[in-house]
Amino acid sequence: STSSHTMDEENELPLDDQEDNFQTVELNSGVQKPALTFEQDSSPPTIPLSSHLPTPISQSSEATPTAVSNNVHMLQSSGDRTQLQGRSGKKLSANAGIFREWSVQQYKVTKQVLSERLGGGLKTVDPELEHRLNSIRDTQRKYNQLISLSGQLQTHFQNVVETQRALAEHFAFLSIRCPELHTEFDCNAESQKKISRNGETLLSSLKFFISNLHTVSTKSIEDTLITAKNYETARVLFDAYRTDLEHATKAANTSQAATARLPAVKDQFEKQKKRFEQLRHDLDVKLKLLDENRLKVMQRQLVLLHGAFAAYFSGNHKVMETLVQEFHTKLEENRQRNNDPPSWLEDLPTDRDDTGDRDDEGTGQN
């Protein structure tokens, strides 16, 4: 603002004062011409500021509320960052502990499995439980084969039912297009329709049987086999820790360090033993429940499937008997109504026999 006032004052000087700054200089030609001279100003140069520029903000000695809040926010963020770093450090240390424990267990499991396969390790065996597990695995394989065969039968029989339905439609169409064979085409159309309906009922029974058998095989039996896998893993860990306990007990007689480590080895062995026994009990209970459930479900499904096949074939037999009787009845009615003469094919065998007899008589006379 000061510089702007100075420029205004210089611009507002009177014309006479401005002319005082001009002096006359004598030239060789003797002509006097005005010369322009500048007075040296002792004041420092000022820079004019335009009116559209923003005015500078005056800095006060007191801090603004925005700055205080920013400082508080920075302190809080730094505190939160410290807390997050502490939490991440604890999480990393916990993950490292879990990974270390998992690595030790995997090493023990691998070592125990290799020693068992090479014949150098002892294996805990429950013969009765192993026999039941093998029986369940074999049953699952047989059930899967039964599901596959039933699915093939369902596919083929579905094609048969669709073909019968198409035949019934064509027979019905031809019964209309051919009035002279209306009765024959109509009877065949009705028979194929009823047989295809019975086939649809049998197809529904097959689908229901396959669905329940699939549930038994892939859910009930598979759940029990998952428990069996967990039991096998616990058994290997139990044998591995049992082997470690035996080695630690032998080494405790000669080494103080092994004696100090013996209680920890015993605690780990007891934990694995408790887990192993719990899983063995759970597996035994699941096997019993599976046997009961499997027997009930399969007995019911097999009875229903047998009844569906029996109803299909017996129903078709009854349908065919009824349709055959109706067919013969309609044929007789049509013959009596139309008084159709016998076909020339009915007299053909008799004419041939007479001709043959006559040829034989002529041959004998000759």
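Starting from 1, each residue takes its place in the sequence as its number.
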Subject >> Pair E162-N159, side-chain contact (heavy atoms from CB on, under 4.5 Å): steps then yes or no >> reply: CA-CA 5 Å; E162 290 177 356; N159 295 331; 4.3 Å; yes
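- Hydrophobic clustering (side-chain heavy atoms under 4.5 Å, transitive across Ile, Leu, Val, Met, Phe, Trp, Tyr) groups L146 together with L153.
- Between the side chain of S148 and the backbone N or O of N144 there is no donor-acceptor pair closer than 3.5 Å.
- A donor-acceptor pair is defined here as one N or O able to donate and one able to accept, closer than 3.5 Å; no such pair exists between the side chain of S211 and the backbone of K207.
- From F171, atom CZ reaches atom SG of C187 across 11.0 Å, with rounding to the nearest 0.5 Å.
- E180 CD: more than 12 foreign heavy atoms inside a 6.0 Å radius.
- Using a 3.5 Å distance cut-off with no hydrogens or angles, the side chains of Q154 and Q158 do not pair a donor with an acceptor.
- Between R242 and Q272, every side-chain heavy-atom pair lies at or beyond the 4.5 Å cut-off.
- Both L203 and F313 are part of a single hydrophobic cluster, where members link through side-chain heavy atoms under 4.5 Å apart.
- E222 has its side chain within reach of Q140: a pair of non-hydrogen atoms, C-beta onward, lies under 4.5 Å apart.
- Counting only heavy atoms from C-beta outward, the side chains of L174 and L181 never approach each other to under 4.5 Å.
- Cluster annotation: F209 is connected to I221 through the hydrophobic network of ILVMFWY side chains, with a link wherever side-chain heavy atoms come within less than 4.5 Å.
- With hydrogens and angles disregarded, a donor-acceptor distance shorter than 3.5 Å links the side chain of T139 to the backbone of S135.
- Using a 4.0 Å cut-off between charged side-chain N and carboxylate O, E200 and R165 make a salt bridge.
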Original post:
Going through the distances and angles, do F309 and L202 end up as a side-chain contact (heavy atoms from CB on, under 4.5 Å)?
Top reply: CA-CA 7 Å; F309 274 102; L202 180 59; 3.8 Å; yes
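- Taking the side chain as every heavy atom from C-beta outward, Q301 and L213 never approach each other to under 4.5 Å.
- By the 4.5 Å heavy-atom criterion applied to side chains, R300 and N212 are not counted as neighbours.
- Under the rule for a salt bridge (Lys or Arg N to Asp or Glu O under 4.0 Å), the partners of D291 that lie at least two apart in sequence or sit in another chain are R294.
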Original post:
Run the side-chain contact (heavy atoms from CB on, under 4.5 Å) check on L283 and T224 step by step: do they pass?
Top reply: CA-CA 7 Å; L283 181 59; T224 305; 4.2 Å; yes
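- Note that the CG atom of L290 and the CG atom of D223 stand 9.0 Å from one another [nearest 0.5 Å].
- For the atom pair CG of L206 and OG1 of T155, the computed distance is 10.0 Å after rounding to the nearest 0.5 Å.
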Subject >> Derivation of the side-chain contact (heavy atoms from CB on, under 4.5 Å) call for I195 and V161 >> reply: CA-CA 8 Å; I195 292 173; V161 171; over 6 Å; no
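- At distances below 3.5 Å, at least one donor-acceptor pair connects side-chain atoms of D239 with backbone N or O atoms of T124.
- Closest of all the heavy-atom pairs between N293 and S220 is ND2-OG, 3.8 Å.
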Original post:
T227 and K286: side-chain hydrogen bond (donor to acceptor under 3.5 Å, both in side chains), yes or no, with the steps?
Top reply: CA-CA 8 Å; T227 306; K286 281 195 173 183; 2.9 Å; yes
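- Contact between H182 and S175 at its shortest, heavy atoms only, is ND1-O, 3.0 Å.
- Of the possible donor and acceptor atoms, none in the side chain of S217 sits under 3.5 Å from a partner among the backbone N and O of H214.
- The CD atom of E128 sits 11.0 Å away from the CG atom of L133 when rounded to the nearest 0.5 Å.
- A salt bridge does not link K266 with E270: none of the charged nitrogens is closer than 4.0 Å to a carboxylate oxygen.
- If you take NE2 on H131 and CG on N134, they are separated by 8.0 Å, rounding to the nearest 0.5 Å.
- By the criterion of side-chain heavy atoms lying less than 4.5 angstrom apart, applied directly or through intervening Ile, Leu, Val, Met, Phe, Trp or Tyr residues, L302 is grouped together with Y143 in one hydrophobic cluster.
- When every heavy atom of L279 is checked against every heavy atom of N230, the shortest pair comes out as CD1-O, 3.5 Å.
- In this structure, the side chain of S196 engages the main chain of K193 through a donor-acceptor pair within 3.5 Å.
- Within the 4.5 Å cutoff, the side chain of L129 has heavy atoms near those of the L287 side chain.
- Note that the CD atom of E246 and the OG1 atom of T243 stand 5.5 Å from one another [nearest 0.5 Å].
- Counting all heavy atoms, side chain and backbone alike, F157 lies closest to G199 at CE2-O, 3.4 Å.
- With ring centers used as reference points, F238 lies 6.0 Å or more from Y231.
- Among residue pairs with one or both ends in residues 131-158, those qualifying as salt bridge (charged side-chain N to carboxylate O under 4.0 Å, His left out) are R132-D284, D138-R141; sequence neighbours excluded.
- Side-chain contact between L304 and F208: present, with at least one pair of heavy atoms (C-beta onward) separated by less than 4.5 Å.
- F276 has its side chain out of reach of Y241: every pair of non-hydrogen atoms, C-beta onward, lies at least 4.5 Å apart.
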